[in-house]
K.L.:
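Below you'll find the structure I mean.
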Amino acid sequence: MKVERFTAENSALLLIDHQVGTMQLIKNIDKELAAKQSIALAKMAKILNLPVVITSSQEDNAQGPILPEIAKILPEAHAARVKRPGVVNAWAYADFRNAVLATGRKNLIMAGVTTDVCLIFPSIDAALEGFNVQAVMDASGSPSDLSEELSRQRMHDAGVVLTATNTLMAEIAQDWSTPNGQQLITLLFTDVFPALGAGIA
């Protein structure tokens, strides 16, 4: 399998269904952790000026609106978000796929809620279509450990690289001493590590 390093110049961030109601379905990890990590990804994208595609499903129903923190950090991406009327697999919804193609990026950073319904299918389809996909698992989550485990196995088997927010940020930063690297390591220590329960005393 071809492995290409993810950089700010070749990657795009896709946030799938991080909606107020949908977040409540997360049970395999702390849903507040998943929210904080997805917000940290949004901040990372803003620092690096990454292309971002946000999608939501049935906002007027129980799923609700996109997390307000993400909407505030990425107002343009939020305004341009792809509202799916009910299509489960975002990749199968033409407006979403076309928005991703329009970024011109072949490396896709994906997070989605829930993993077992909203993230699994677009991540697998994008990987099968030749995109390099990293799925950020602590910015995603499922209603049960079993469904999360089975989804992770299917994604892994399809070539999706599973990662965590801190690992992804370290990979894309490459060098903490650069101006962007300095902002990202600050983000790690202010947002990501405290959410994980780790910090420097």
K.L.:
Give the minimum heavy-atom separation between P51 and R105, together with the two atoms involved.
P.N.:
CD-NH1, 3.5 Å
K.L.:
Heavy atoms only: give me the nearest A8-I172 pair and the separation to one decimal.
P.N.:
N-CG1, 3.7 Å
K.L.:
Quick one: does T22's side chain have a donor or acceptor within less than 3.5 Å of a partner on H18's backbone?
P.N.:
no
K.L.:
With the 4.5 Å side-chain cut-off for hydrophobic clustering, are I185 and F193 part of the same group?
P.N.:
yes
K.L.:
Less than 4.5 Å apart, side chain to side chain, heavy atoms only: is that true for Q134 and L108?
P.N.:
no
K.L.:
Without swapping roles, check the side chain of T7 against the backbone of E9 for a donor-acceptor pair under 3.5 Å.
P.N.:
yes
K.L.:
Would you check if R81 and E76 make a side-chain contact, meaning some heavy-atom pair closer than 4.5 Å?
P.N.:
no
K.L.:
Would you kindly confirm whether L119 and L146 end up in one hydrophobic cluster when ILVMFWY residues are joined by side chain heavy atoms under 4.5 Å apart?
P.N.:
no
K.L.:
Examine distances only and state if a side-chain atom of N61 and a backbone atom of Q63 form a donor-acceptor pair shorter than 3.5 Å.
P.N.:
no
K.L.:
Any sub-3.5 Å donor-acceptor pair from E148's side-chain atoms to N28's backbone N or O?
P.N.:
no
K.L.:
Tell me, with the steps shown, if T165 and L188 meet side-chain contact (heavy atoms from CB on, under 4.5 Å).
P.N.:
CA-CA 9 Å; T165 301; L188 276 178; 5.7 Å; no
K.L.:
When you compare the side chain of S38 with that of I70, does any pair of heavy atoms fall below 4.5 Å?
P.N.:
yes
K.L.:
Let me check something: do F121 and L25 share a hydrophobic cluster, defined by ILVMFWY side-chain heavy atoms less than 4.5 Å apart, either directly or through other members?
P.N.:
no
K.L.:
Can you tell me how far CE of M137 sits from CD of Q37, rounded to the nearest 0.5 angstrom?
P.N.:
13.0 Å
K.L.:
Does the side chain of L101 come within less than 4.5 Å of F131's, by heavy atoms?
P.N.:
yes
K.L.:
Within a strict 4.5 Å, meaning less than it, do heavy atoms of the D138 and V192 side chains meet?
P.N.:
no
K.L.:
What heavy-atom pair brings L187 and I47 nearest, and what distance separates the two atoms?
P.N.:
CD2-CD1, 4.2 Å
K.L.:
How many angstroms lie between atom CD of E32 and atom CG of D30, to the nearest 0.5 angstrom?
P.N.:
6.0 Å
K.L.:
Indicate yes or no: at least one non-hydrogen side-chain atom of H156 is less than 4.5 angstrom from one of Q153.
P.N.:
yes
K.L.:
Are any of the side-chain nitrogens in R97 or D125 under 4.0 Å away from the carboxylate oxygens of its partner?
P.N.:
no
K.L.:
Checking the side chain of D116 only, and the main-chain atoms of G141 only, is there a donor and an acceptor separated by less than 3.5 Å?
P.N.:
no
K.L.:
If we only count heavy atoms from C-beta on, is the C118 to V113 side-chain gap below 4.5 Å?
P.N.:
no
K.L.:
I'd like to know if the side chain of N98 and the backbone of A94 have a donor-acceptor N/O pair within less than 3.5 Å.
P.N.:
yes
K.L.:
Could you go through D95 and R84, starting from their C-alpha distance and side-chain angles, then the distance that decides it, and tell me whether this counts as salt bridge (charged side-chain N to carboxylate O under 4.0 Å, His left out)?
P.N.:
CA-CA 9 Å; D95 288 354; R84 306 188 322 280; over 6 Å; no
K.L.:
When hydrophobic residues are tied together by side-chain contacts of less than 4.5 Å, even through go-betweens, does I29 share a cluster with V20?
P.N.:
yes
K.L.:
What's the spacing between I39 CD1 and K72 NZ if we round to 0.5 Å?
P.N.:
11.0 Å
K.L.:
Quick one: does T178's side chain have a donor or acceptor within less than 3.5 Å of a partner on D175's backbone?
P.N.:
yes
K.L.:
Locate the shortest heavy-atom distance separating P85 from Y93; write the atom from each residue and the value.
P.N.:
CD-OH, 3.3 Å
K.L.:
I'd like to know if the side chain of T55 and the backbone of V82 have a donor-acceptor N/O pair within less than 3.5 Å.
P.N.:
yes
K.L.:
Does a side-chain N-to-carboxylate-O contact under 4.0 Å join D191 and K36?
P.N.:
no
K.L.:
Hey, what do you get for CD1 (I26) to OG (S144), rounding to the nearest 0.5 Å?
P.N.:
12.5 Å
K.L.:
Would you please test V100 and W91 for side-chain contact (heavy atoms from CB on, under 4.5 Å) and show each step?
P.N.:
CA-CA 9 Å; V100 176; W91 198 258; 3.9 Å; yes
K.L.:
Measure from the side-chain N and O atoms of S56 to the backbone N and O of E59, and report whether any donor-acceptor pair falls under 3.5 Å.
P.N.:
no
K.L.:
Looking at K106, I want to see if its NZ is surrounded by more than 12 non-hydrogen atoms of other residues, nucleotides or ligands under 6.0 Å.
P.N.:
yes
K.L.:
May I ask you to test the I120-T115 pair for a side-chain heavy-atom distance under 4.5 Å?
P.N.:
no
K.L.:
For M44 and I109, what are the C-alpha separation, side-chain angles and deciding distance, and is it a side-chain contact (heavy atoms from CB on, under 4.5 Å)?
P.N.:
CA-CA 11 Å; M44 177 195 76; I109 301 162; 4.2 Å; yes
K.L.:
What's the shortest heavy-atom distance between L41 and L13, and which atoms?
P.N.:
O-CD2, 3.5 Å
K.L.:
Roughly how far apart are D157 CG and R152 CZ, rounded to 0.5 Å?
P.N.:
14.0 Å
K.L.:
Taking all non-hydrogen atoms of both residues into account, name the closest pair between I54 and H78 and its distance.
P.N.:
CD1-N, 3.9 Å
K.L.:
With no hydrogens and no angle check, is any side-chain donor or acceptor of T114 less than 3.5 Å from a backbone partner on S142?
P.N.:
no
K.L.:
What is the distance from atom NZ of K46 to atom CD1 of I73, rounded to the nearest 0.5 Å?
P.N.:
7.5 Å
